[in-house]
Amino acid sequence: MSKINENTVLEIDTLKVDFETNTGMVHAVKGVNIHVDSGETVAIVGESGSGKSQTMMAAMGLLAGNGITHGEVRYRGTNILGSSIRQLNKIRGAKVTMIFQEPMTSLDPLYTIERQLCEPMVEHGEYTWATAKKRAVELLELVGIPEPARKVKAFPYEMSGGQRQRVMIAMALANDPDILIADEPTTALDVTTQAQILELMADLQKRLGMAVVFITHDLGIVERISDRVYVMKSGEVVEEGNTKEIFGNPQHEYTKMLLDAEPTGSKAVVPDSNPIVLDAKDVRVEFETETGFLKPNHVLRAVNDISMEVREGQTLGIVGESGSGKSTLGRAVLQLLPTAGGRVVYLGNDITGAAKKKMQPLRKEMQLIFQDPFGSLSPRMTVGQIITEGLLVHEPQLSAKERDLRAIQALEEVSMDPAMRNRYPHEFSGGQRQRIAIARTMILNPKLVVLDEPTSALDRTVQKQVVELLRNLQKEHGLTYLFISHDLAVVRAMSDTVMVMQKGEVVEKGLAEEIFSNPKEDYTKELLAAAALKPA
Amino acid sequence: MLRYVLSRLLSAIPTLFLIITISFFLMRVAPGGPFDLERPLEAKVMENLNKIYNLDKSLWEQYLIYLKSVLSGDFGPSFFFRDFSINELFAQSLPISMQLGLSALALALAVGGFLGVIAALRQNKGVDYSVMAVATLGVTIPNFVVAPILTLILGVHFGWLPVGGWGGGAFVNMVLPVVTLALPQIAVVARLTRGSMIEALRSNHVRTARAYGLSGYTVVVIHALRGAILPVVSYLGPAAAALLTGSVVIETIFGIPGIGRYFVQGALNRDYTLVMGTVVVVACFVIIFNLIVDLLYAMLDPRVRFD
């Protein structure tokens, strides 16, 4: 463990952060000590709610209005915690800069990239507008944005998430900072973009020599880039040390659990004798974008002639980055979106473009689970009402009492206390909500379930539990899954066959084991390299 | 850009046509006519009058005649102010109403916007609560109550301001009507600005601005307010309509010779052309204001530029 020394740039000393809320004081950070030496990379790891972000936000004076801080934060020996905004503004944006988790919203949508890059440079007095503009172009080139002289005039909405994050990095580097604080900078990005951004950050650090504080929940990233690690749990640092030590020989139970949280196991291939549940041939989905009156409409082909055959008990993992058309495909096979071509056969029934009347009885057997456990449950219904709502449609003959009984069974099946059915969704965590969503599906005894990124919004440890739950349910009920995800670790743990999608087309398709151990296509290889999976 | 403006103006034509048609026939559904006095006119006189004003023709013919004259920019003769045409009446009164309405709109934007920003910056503190309390009062008290009270205090008790009349648009004459007309709008604008400003101050890009040590002015005005003003801009269209119709009451109370009072007089006297003229003028204003709003919006927000 390194000690505070003359090289220490930033020192967080017994920092406490409390939030005043209507329901009383919330202690988010409970006396944290962290120090950062010049030129090193320090990772702060923890799951959501561990206080890792709030620690750095408090240090930079960026807490919400109801936040209260205690302790000291010293930048090169002087305490900056609780100092005036004028004092703080000499340091933040000049000596200590930040990049954030949300590349899509962290830049002001109303101003050009140039304007936003130049503002901090001019504000901190090192540049005039003219010299800053020149530097802005250089910075964009440095962070690898093509055609920087043109892109500098662009507005944020004209750029992709990865490019926006590069712009944020450029902004962070503008005034040659001592420390760059990166708060989950790659979480909102696709895996391949993630890898590029990490590479860029590592490269820039090597060249420019600033210290980097990396806040993340992703241990894979930590292992790759950091020198030292702080592990945080519910507002406290539970373990700290060199990355090698922490990964090689974790001491604290929580660290061990985090390290062990990558979903493991794999699924046995189902025999060819199982009946085919879903047989889709050349499915095509198109979206028309209206360009104007009397002008030909632009047609976007989101899914381009994709075929699949899924047998009972099988899990087909559909992998791809955002915009690859994987969710659209999932909805199209369930006939929730109109298809522009091809046919979908479910258990011998051709359901392509089937009328609502014909689909209605089948809907019960073909279910969908969504990514966002916060948005997909009605906040005004109790858990019991949410779970049994489908029964009102599909089994209207049931009495209220029978429905309640089914709700109890369903909740037990997803390992939740049935007494919870009278509560409202906001009282539950993300993982519990996803269990509720699963219970809502299971109560109808489905045969085919399309899971659209069901674990993506969850912490790793919770993910692992949900993956196990889904596997158990499949085994017990002989379910057939279409498992859509960008997360290769989860897909590997869930599926027996895998389909890799890019830009609406299938890149590669085959048994999970083969794809993960011996990918044929370059794109698959790239995805696998970016994900840096541990050997199964 | 020019194409957009032109296409918007063209698309206003069917709207105006509908408004004219509907109000024309609605007017005629109302019982009574322009020459029905308490003591009935002689049959011969009545007949002559009806002939002069084309009232003896069928409703369809009258409608077509009216449409034709409106197309050539002539709103016809007034039935009640017999020596004047509607165009003459409007030439005198419309500038007055516009001056009144625009002054009130400007006042509402300036004061309301300022109060809203202050309240947002002091969220859940005393200043915030008092601004919002005043704003609630501003919305709830109707202006026919505010007007006499203000007149009583400032005009009668202290004698600082004239209690009525336009005085050719003199500043002292404008104060009371403009303030009374603007008060409810100030309240609405303040509330709108506060709400969107609070949201803007919490947004991620404002956090970025603060994290990069930008000055308070840059953070609040350049990064938060420009985005926060967008909902207020959207409200300008309805606000313009509210100010024009609101002026009906204000102009009557303060005895201002604007178009507002013609609404009332025209309707009561069944002065068909006068009512129709006012309706068309107000509709034009609302349409133009909505166009201005959309153009302003595009100016402020690069994401909705028309190319």
Side-chain angles (χ1 to χ4, degrees), chain A residues 20 56-57 59-66 84-112 115-125 153-158 164 167-168 171-172 174-175 177 181 183 188 292-293, chain B residues 1 3-4 6-8 10-11 14 119-128 194 196-233 296-307:
Chain A
E20 251 178 274
M56 295 323 284
M57 287 291 176
M60 288 295 98
L62 293 173
L63 283 185
N66 59 344
S84 71
I85 295 205
R86 191 178 291 265
Q87 211 62 35
L88 262 176
N89 281 353
K90 283 186 190 153
I91 293 166
R92 50 184 194 188
K95 298 295 169 205
V96 185
T97 55
M98 292 187 86
I99 49 182
F100 301 97
Q101 179 172 1
E102 308 88 354
M104 302 313 275
T105 53
S106 290
L107 293 166
D108 193 329
L110 305 182
Y111 296 96
T112 58
R115 161 103 201 208
Q116 298 187 55
L117 278 176
C118 292
E119 263 180 348
M121 289 194 255
V122 176
E123 182 82 35
H124 292 287
K153 304 283 181 202
F155 286 96
Y157 73 94
E158 296 169 305
R164 292 189 209 188
V167 171
M168 279 304 296
M171 199 161 154
N175 285 320
I181 300 169
D183 187 357
F293 187 58
Chain B
M1 178 73 183
R3 267 188 64 153
Y4 175 77
L6 280 178
S7 75
R8 278 291 296 270
L10 281 178
S11 74
L121 289 175
R122 300 269 179 281
Q123 198 198 343
N124 295 339
K125 304 222 169 81
V127 183
D128 180 21
R194 174 182 178 268
S196 55
M197 192 68 186
I198 285 174
E199 204 178 304
L201 285 171
R202 279 193 201 139
S203 70
N204 286 333
H205 67 262
V206 170
R207 179 187 61 189
T208 306
R210 289 203 289 143
Y212 279 82
L214 303 184
S215 67
Y217 171 81
T218 317
V219 172
V220 171
V221 177
I222 295 185
H223 287 291
L225 188 59
R226 178 157 164 193
I229 210 84
L230 290 174
V232 181
V233 170
L296 254 181
Y297 211 100
M299 230 175 69
L300 287 168
D301 191 342
R303 286 167 295 183
V304 287
R305 288 190 180 157
F306 320 101
D307 290 314

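Sequence lines set the chain letters: A, B, ... in the order given, protein chains first and strands last, and positions in each chain run from 1.
No part of B:S7 comes within reach of chain A, as not one of its non-hydrogen atoms sits under 4.5 angstrom from that chain. The contact between A:L62 and chain B is made by backbone and side chain atoms together, counting heavy-atom distances below 4.5 Å. With a 4.5 Å cut-off on non-hydrogen atoms, A:A172 touches chain B through its backbone and its side chain both. With a 4.5 angstrom heavy-atom cutoff, B:L201 does not touch chain A via any of its atoms.
Within 6.0 Å of CD in A:E158 there are more than 12 heavy atoms belonging to other residues, nucleotides or ligands. By the neighbour-count criterion of 12 heavy atoms within 6.0 Å, atom CD of B:Q123 is densely surrounded, having more than that number from other residues, nucleotides or ligands.
A side-chain donor from one of A:E119 and B:H223 sits under 3.5 Å from a side-chain acceptor of the other.
Listed by first and then second residue, the salt bridge (charged side-chain N to carboxylate O under 4.0 Å, His left out) pairs that reach into residues 85-103 of chain A are A:E102-B:R207, sequence neighbours excluded.
Ranked by heavy-atom pairs shorter than 4.5 Å toward chain B, the options A:M171, A:M168, A:Q116, A:M60 are led by A:M171. For chain A, the option among B:S203, B:A209, B:G227, B:S215 with the highest count of heavy-atom pairs below 4.5 Å is B:S215.
For the atom pair CD1 of A:I99 and OG1 of B:T208, the computed distance is 11.0 Å after rounding to the nearest 0.5 Å. Atom-to-atom distance recorded for A:L110:CG and B:I229:CD1 is 12.0 Å, nearest 0.5 angstrom.
The two atoms that bring B:I222 and A:D108 nearest to each other are O-OD2, 4.3 Å, heavy atoms only. Between A:Y157 and B:P302, the closest heavy-atom pair is OH-O, 3.2 Å. Residues B:N204 and A:T105 share a closest heavy-atom pair of ND2-OG1, 2.6 Å. The two residues B:T218 and A:E123 come nearest to each other via the heavy atoms OG1-OE1, 3.9 Å.
B:Y212 places a side-chain N or O within donor-acceptor distance of the main-chain N or O of A:M98, the cut-off being under 3.5 Å.
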